[in-house]
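The shown structure was predicted, so the numbers you read here are calculated from the model rather than taken from an experiment. Chain naming here is simple, since letters A, B, ... match the order of the sequence lines and numbering starts at 1 in each.
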Protein chains: 2
Amino acid sequence: MPEKVTIATVAAHAQVSRQTVSNVLNSPHLVREETRVRVQEAIATLGYRINQAARQMRTGRSRLLAVRIEPTRDGINGSVLDRFLHGLTFAAAAAGYRVMLYTADDDGDEIKTFEDLLASHELDGFVLTGTDHGDVRTFWLAERGVQFVTFGRPWDEPERHSWVDVDNADGTAQATRRLIETGHRRIGFIGWPAGSGVGDDRRDGWQRTMKAYDLDPAGLDRGAPDGIAQGAECARDLLTTPEPPTAFVCASDSLALGALQAAGGRSAVIGFDDTPVAEAIGLTSVSQPLPDAAARCIDLLIDHLDGNPVGTSQVLLKPSLVVRTTA
Amino acid sequence: MPEKVTIATVAAHAQVSRQTVSNVLNSPHLVREETRVRVQEAIATLGYRINQAARQMRTGRSRLLAVRIEPTRDGINGSVLDRFLHGLTFAAAAAGYRVMLYTADDDGDEIKTFEDLLASHELDGFVLTGTDHGDVRTFWLAERGVQFVTFGRPWDEPERHSWVDVDNADGTAQATRRLIETGHRRIGFIGWPAGSGVGDDRRDGWQRTMKAYDLDPAGLDRGAPDGIAQGAECARDLLTTPEPPTAFVCASDSLALGALQAAGGRSAVIGFDDTPVAEAIGLTSVSQPLPDAAARCIDLLIDHLDGNPVGTSQVLLKPSLVVRTTA
DNA sequence: CCCTGCAACTTGAACGATCCAATAATGCAC
DNA sequence: GTGCATTATTGGATCGTTCAAGTTGCAGGG
């Protein structure tokens with residue numbers, strides 16, 4: 001076991017005071033170049049690492065960010081959450097922060113966890129995913145002056161807090177354009193029942209694009225809860241109309257998979273989220289730029305923590321269409 | 001902003017000393033029942049939460065565990081890692097620990113991260129996933145006396161450290177038995193090339209079960225890197241033999257998916273890992289008990305941290321077969 | 001010549017918990 | 001009532017860092 005190396009050890013080795021070493025680390029501009037170099041050398045020689053606990057106790061900041069990891073499979077999930085988490089961890093590390101996980105059964109439970117984590121001074125900020133209309137969590141945090149960023153915008157009032165989101169409408173617009181460009185004229189949309197911000201946005205993108213190309217979207221639109229069976233049913237329903245669609249834009253890969261089964265390979269289908277399922281079966285799908293989104297979340301959050309706490313920022317990212325064999 | 005509540009505030013409120021409050025929290029047996037209750041009430045009234053940073057500075061323990069989150073898609077990944085992480089976080093929280101994430105490009109990079117995290121006294125232990133033959137990381141950690149548990153056993157020397165693993169051979173054995181019981185006699189195995197511990201174990205389960213039922217496994221076995229195309233190719237190869245198999249046991253859902261496509265619905269197929277892909281397309285698959293495995297990892301790790309540091313423990317869990325439509 | 005201002009650095013105290021050693025309270029036998 | 005062991009409680013020191021205030025040396029203005 002090597003000797004414990006503290007800031008005092010470094011100070012003695014470099015023949016300066018503790019505070020000067022601290023300044024080299026935190027406010028280098030206060031230290032003369034020559035001294036700074038000498039201290040840096042001592043740090044390197046001794047292999048000194050700052051003791052986060054001690055720093056945290058003094059400054060009250062832990063350089064730890066928290067993200068909820070969900071047990072369920074709705075909203076952002078599976079490999080989507082997986083890739084998002086990796087992006088967060090990577091971006092946070094680059095800025096000297098760490099990412100911590102927590103679980104919660106529901107929003108109320110999550111607020112209890114907020115209290116726990118904050119009161120024991122364990123962390124500095126939150127990244128929230130899967131925000132709903134009038135999300136209680138965001139109000140709770142804002143009220144207490146806790147810094148946070150959401151992945152997913154607050155649909156009621158866009159500038160209430162900082163967020164990063166993917167332009168869902170643009171995703172389905174790209175999908176619809178692709179189908180139109182490959183010759184389709186009657187393009188159906190299979191999405192979720194009206195009312196969810198994300199779902200409505202995805203429907204909008206399809207609808208607006210149809211109209212932009214002078215195609216009538218009337219009657220080509222079905223809504224059902226997420227699921228393969230539901231997607232299949234919607235597709236069958238649309239295919240038995242007098243003028244059936246020749247292609248489908250779907251609000252999720254699950255719905256798309258159902259549509260694909262129902263159509264038996266005779267319709268073009270595009271899904272949403274680019275899940276492993278899509279990759280596995282060659283489903284063309286709209287892909288969210290998750291690493292980028294994660295990095296922007298961290299940027300925003302750290303901006304709030306380090307810098308100007310006034311005002312909020314919003315970032316809207318464009319998804320991209322991953323063309324495979326189904327469209 | 002409410003007043004800051006420290007152990008001193010609680011002590012004053014309950015008319016005892018700081019040390020007594022500390023004892024109530026850490027060594028309740030030293031405190032008289034009556035006093036203990038009074039202190040607990042003061043804690044509840046004031047909403048006191050222990051300051052983790054201060055505790056950590058004194059005790060040198062952070063109550064933080066770390067897990068690597070991988071960018072790539074091999075080994076344990078996607079929704080598998082997702083579910084495992086949730087299990088870890090949940091189990092850790094129950095024991096008063098938190099889970100932190102870190103990234104690394106390769107094993108060497110990971111060891112550099114170990115150094116960083118440990119030197120700054122940021123965490124107490126590691127959960128490693130995806131261990132290889134003669135994993136350098138485990139040697140490095142063991143050498144330094146750092147506590148860790150792996151999910152996946154060290155194939156060279158089982159008792160070198162503590163681990164939790166799923167009985168892969170039992171999984172393919174269950175799959176093979178299921179196929180035999182539903183009337184199949186010629187059952188092929190599509191796995192990875194020999195040499196990986198997990199892959200060889202999965203092949204073993206199939207082979208042993210075949211022999212146990214007096215069925216000859218000779219010539220029914222193919223190996224290829226993981227992937228849908230590879231699975232399809234192996235299946236086609238097996239189907240063109242003089243006595244082709246009527247069913248396939250596969251080492252992964254990806255390989256199974258390929259086999260399914262190649263067989264065109266005329267063969268029974270069973271995959272491994274019960275990924276969302278399997279659920280989506282109705283693929284029968286072997287499911288790993290991830291929440292349970294995660295909980296056992298945490299149990300073992302915390303045992304090592306809190307209690308007896310002597311000896312290692314091993315836990316082998318049985319997977320279960322999720323029967324869907326393909327077998 | 002004194003005072004002010006500045007840069008570069010030093011010193012003592014504080015953050016909030018736990019550990020340690022010493023003290024006070026209690027019970028019991030003689 | 002005294003002595004002694006047992007248990008419960010106390011005050012002080014401590015972990016490693018940063019904050020606030022202070023010291024030193026030197027240049028320039030009045």
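- With hydrogens and angles left out, the side-chain atoms of B:His13 and B:Thr45 include no donor and acceptor closer than 3.5 Å.
- Ring orientation note: the planes of A:Phe114 and A:Trp140 are tilted relative to one another, at an angle of 30° to 60°.
- The residues B:Lys112 and B:Glu115 are annotated as not salt-bridged, no charged nitrogen and carboxylate oxygen being separated by less than 4.0 angstrom.
- Atom-to-atom, CZ of A:Arg55 to P of D:dT18 comes out at 5 Å; the value is rounded to the nearest Å.
- Under 4.0 Å is where a charged nitrogen must lie from a carboxylate oxygen, and between B:Arg68 and B:Asp107 at least one such pair does.
- Under the 6.0 Å distance and 45° angle rule, A:Arg61 does not count as a cation-pi partner of A:Tyr97.
- With hydrogens and angles disregarded, no donor-acceptor distance shorter than 3.5 Å links the side chain of A:Asp124 to the backbone of A:Leu65.
- The CG atom of A:Asn51 sits 17 Å away from the P atom of C:dA17 (whole-angstrom rounding).
- As a whole-Å value, the separation of B:Gln56 CD from D:dT17 C1' is 13 Å.
- A:Ile7 places its CD1 atom 15 Å from the P atom of C:dT11, with the value rounded to the nearest Å.
- Atom C1' of nucleotide D:dT9 and atom CD of B:Glu33 are separated by 17 Å, given to the nearest angstrom.
- A donor atom on one side chain and an acceptor atom on the other are found under 3.5 Å apart for B:Glu122 and B:Ser120.
- Residues from residues 34-48 of chain A lying near DNA chain C, meaning a heavy-atom separation below 4.0 Å, are A:Thr35 in numerical order.
- For the segment residues 15-32 of chain B, the set of residues with a heavy atom within less than 4.0 Å of an atom of DNA chain C comprises B:Arg18, B:Gln19, B:Ser22, B:Asn26, in numerical order.
- In terms of heavy-atom proximity, A:Val39 sits nearest to A:Val16 at CG2-CG2, 3.9 Å.
- Rounded to whole Å, atom C1' of C:dT18 lies 10 Å from atom CE of B:Met57.
- When the C1' atom of C:dG16 is taken as reference, atom CD of A:Glu122 falls 15 Å away, rounded to whole Å.
- Applying the 4.0 Å criterion to OP1 and OP2 of C:dC19, one finds that B:Arg58 has every side-chain N and O outside that range.
- Using a 30° and 60° split on the angle between ring planes, A:Phe151 and A:Phe84 fall in the parallel class, below 30°.
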